[in-house]
Amino acid sequence: MHGSDINLINVYLKDKNFFDDAGLLLRAYFTGSKVIYRGESEIDSYISSVSEDEKVFYILDDCLHCRLDAFLPEYKETLGKSKGEIHDIFKKSLYESLMEYTGKKLPWGFLTGVRPSKRAMALLNDKCDNKKEVTDILKERYLISDKKSELAYEVAKKEKVIINNLSDKNSISLYIHIPFCPSVCAYCSFATVLNDSVLTDRYADALCVELEAFKDRLSGKNINSIYMGGGTPTALSASQLEKVLLCVENNYNLSELLEYTVEAGRADSITKEKLEVLKRHNITRISVNPQTFNQKTLDIIGRNHTTDDVYAAYNLARELGFDNINMDVILGLPGETRDDILKTAECLKELAPNSITMHSLSFKRAAAFTTSKSLYNNYEYISTDEYQDILGRAAEELNMTPYYMYRQQNMTGNLENVGYSKEGFECLYNIFIMEEVQSIIAFGAGSSTKCIFDNGRIERAENVKNVEQYINRVDEMIDRKNKLLDQYN
């Protein structure tokens, strides 16, 4: 591949509206590279050094330079087209040129969005009701591979059934964010802070203030799902967890609640006392997330627990009666080999959770893998279709099928994250947030309320990420959300 070690990409493009499309595709090929918009006016200072056969992509001054005006849709191509279709014309043309330049195809073709299954869902909603018809359109229209086209179809088919059974426009979900962890993993860029009992006490109090502020406003809504995520919610103490869960119970009508998830997450935060609190408050679904069952990898990424701790936490949850447990794993962690993936697959089959979420490592700007690259230079980050297939087969052996997926920027292998579950154990919240079919009212630092209007318009209200600012400005966060809900209700 040309420019495999490229760190900086300059994009020359007269219409900046297409720059984001270009950046996403370029980063898909050159993972971790910084992409800068230069504009058409800056070309002249470089062009004299470039040969005739390097007019589109050329390496100069250790940077990749990309002249992309030739891919902008002509006027006749835009007639009668939607904005999305016009951008697809640009992306398809650029992608075909990048394929030729690098000699590499991407599994998702030129699709760069977070939600590839939405394309399949749109086709199903347009009465394309057989697999071949849907997958053929995905392959031809977006240049997606056979395997990924089939995955998008299977996920959309499962989601469509669940969504159609929950079509009440008066239904919403709640998200509650707990931004604390026992330590920060090297791949993580969430606004997590290390556990501090004074800070977590203040945070739980502020969170309850925000929750209580909307008890009347949301009283007429049917709450289908609640998801407490993080961070690691069980980084809170048992008493702090109890305070927040009681606050929810005392202020909201949960008679229509179908699912209540607490992402317990890390084994080093799970205790019998905390699990008993969750059980006492009717939590229906939890996660116990190993990420890998290889101890050397856990040590590298900064998870301060052992694989034995994962087994102990999982078995304790089963003993206490939790019958819906998810486990997250990550492909592409530093130094992990095929044998390591096989070991993780065998451990998953031994424990037999009700669902598995399979992630491909994403290099986030604020994570240690990106900010402290020199510490991890000796490791390879490998995520391949073969590795996905190993874990996918393990899920199939546990009678699971894929039910939701999403993608992120800078993913190893340019792959995707996929949720597998046994029948009836699909996480409703995951489907709602990915397919954007239900408004989600969010609470806590760094959370984002997302309202879906009848005409399909989506509006958001963001809470500040910084924990101290959230605590001190919780009244402002309440006001932001109220202004959005004034439009929505």
Side-chain angles (χ1 to χ4, degrees), residues 84 108 111 113-131 133-135 137-138 142 144 148-175 218 220-229 253-261 263 284-285 287 324 326 354-358 395 399-407 416-442 448-460 488-489:
W108 287 101
L111 280 188
V114 170
R115 303 170 178 87
S117 59
K118 284 183 75 72
R119 306 286 182 137
M121 179 71 79
L123 293 172
L124 288 173
N125 289 336
D126 285 340
K127 310 303 181 186
C128 296
D129 56 2
N130 73 76
K131 181 176 181 178
E133 187 177 4
V134 172
T135 55
I137 292 173
L138 291 174
Y142 307 111
I144 303 173
K148 300 308 179 188
S149 296
E150 291 182 9
L151 175 62
Y153 170 80
E154 295 297 337
V155 168
K157 183 176 69 172
K158 176 64 70 74
E159 288 179 330
K160 189 173 179 5
V161 171
I162 292 172
I163 290 168
N164 286 348
N165 289 335
L166 296 168
S167 57
D168 183 359
K169 291 185 178 180
N170 200 43
S171 294
I172 61 170
S173 289
L174 306 185
Y175 176 77
L218 301 178
K221 298 292 184 181
N222 298 326
I223 300 173
N224 284 164
S225 73
I226 301 175
Y227 194 105
M228 184 183 288
N253 178 4
L254 305 183
S255 61
E256 299 296 323
L257 191 63
L258 302 173
E259 169 189 274
Y260 201 154
T261 295
E263 194 174 358
T284 60
R285 180 178 181 273
S287 288
N324 188 353
N326 174 74
N354 305 92
S355 60
I356 296 169
T357 307
M358 180 175 68
N399 297 315
M400 297 181 189
T401 55
Y403 75 95
Y404 97 109
M405 70 172 168
Y406 65 102
R407 302 184 69 220
E416 70 283 329
N417 305 322
V418 186
Y420 292 85
S421 79
K422 297 179 180 179
E423 188 69 30
F425 290 91
E426 301 86 0
C427 178
L428 301 179
Y429 176 86
N430 285 340
I431 294 173
F432 295 153
I433 196 168
M434 281 303 117
E435 292 304 320
E436 297 179 316
V437 294
Q438 189 179 89
S439 294
I440 295 172
I441 314 303
S448 175
T449 291
K450 181 162 59 175
C451 288
I452 315 294
F453 291 79
D454 288 342
N455 62 1
R457 179 169 62 97
I458 297 174
E459 296 286 347
R460 294 173 172 82
Y488 176 64
N489 285 347

Between Lys131 and Glu154 (salt bridge meaning N to carboxylate O under 4.0 Å), is one present in this structure? yes

Can we say Lys158 and Glu435 salt-bridge, meaning some charged N sits less than 4.0 Å from an Asp/Glu carboxylate O? no

Which atoms form the tightest heavy-atom contact between [X] and [Y], and what is the distance?
X: Glu259; Y: Tyr429; answer: OE2-N, 3.0 Å
X: Glu459; Y: Arg457; answer: OE2-NH1, 2.9 Å
X: Ile441; Y: Cys451; answer: CD1-SG, 4.4 Å
X: Lys148; Y: Glu416; answer: NZ-OE2, 3.0 Å
X: Ala120; Y: Ala152; answer: CB-O, 3.5 Å
X: Leu111; Y: Arg407; answer: O-NH1, 2.9 Å

Taking [Y]'s backbone N and O only, do any of them form a donor-acceptor pair with [X]'s side chain (distance below 3.5 Å, no angle check)?
X: Arg285; Y: Asn324; value: no
X: Asn417; Y: Thr357; value: no
X: Glu426; Y: Tyr403; value: no

Mind checking what makes side-chain hydrogen bond (donor to acceptor under 3.5 Å, both in side chains) contact with Tyr420, not counting sequence neighbours? none

Sequence neighbours excluded, the answer for side-chain hydrogen bond (donor to acceptor under 3.5 Å, both in side chains) partners of Ser287 is Asn326

Take Lys157 and Val134 through the test side-chain contact (heavy atoms from CB on, under 4.5 Å) and record every step on the way to the result. CA-CA 11 Å; Lys157 183 176 69 172; Val134 172; over 6 Å; no

Is the number of heavy atoms from other residues, nucleotides or ligands within 6.0 Å of CG (Asn130) greater than 12? yes

Rounded distance (nearest 0.5 Å) linking atom [atom1] of [X] with atom [atom2] of [Y]:
X: Ile226; Y: Ile440; atom1: CD1; atom2: CD1; answer: 12.0 Å
X: Asn125; Y: Asn164; atom1: CG; atom2: CG; answer: 7.5 Å
X: Lys160; Y: Asn165; atom1: NZ; atom2: CG; answer: 10.5 Å
X: Tyr153; Y: Ile137; atom1: OH; atom2: CD1; answer: 12.0 Å
X: Ile163; Y: Leu428; atom1: CD1; atom2: CG; answer: 10.0 Å
X: Ile223; Y: Leu257; atom1: CD1; atom2: CG; answer: 7.5 Å

Can a side-chain donor-acceptor contact be found between [Y] and [X] if the only test is distance below 3.5 angstrom?
X: Ser173; Y: Ser225; value: yes
X: Ser439; Y: Tyr488; value: yes
X: Asn430; Y: Tyr227; value: no
X: Tyr404; Y: Glu159; value: no

I want to check something: taking the side chain as every heavy atom from C-beta on, are [X] and [Y] in contact at a cut-off of under 4.5 Å?
X: Glu436; Y: Lys118; answer: yes
X: Leu174; Y: Leu218; answer: yes
X: Ile433; Y: Lys450; answer: yes

Apply side-chain contact (heavy atoms from CB on, under 4.5 Å) to residues Gln438 and Ile431 and explain how you reach the verdict. CA-CA 9 Å; Gln438 189 179 89; Ile431 294 173; over 6 Å; no

Could you go through the side-chain contact (heavy atoms from CB on, under 4.5 Å) check for Met434 and Met405 one step at a time? CA-CA 8 Å; Met434 281 303 117; Met405 70 172 168; over 6 Å; no

Pair Leu151-Trp108, side-chain contact (heavy atoms from CB on, under 4.5 Å): steps then yes or no: CA-CA 11 Å; Leu151 175 62; Trp108 287 101; 4.3 Å; yes

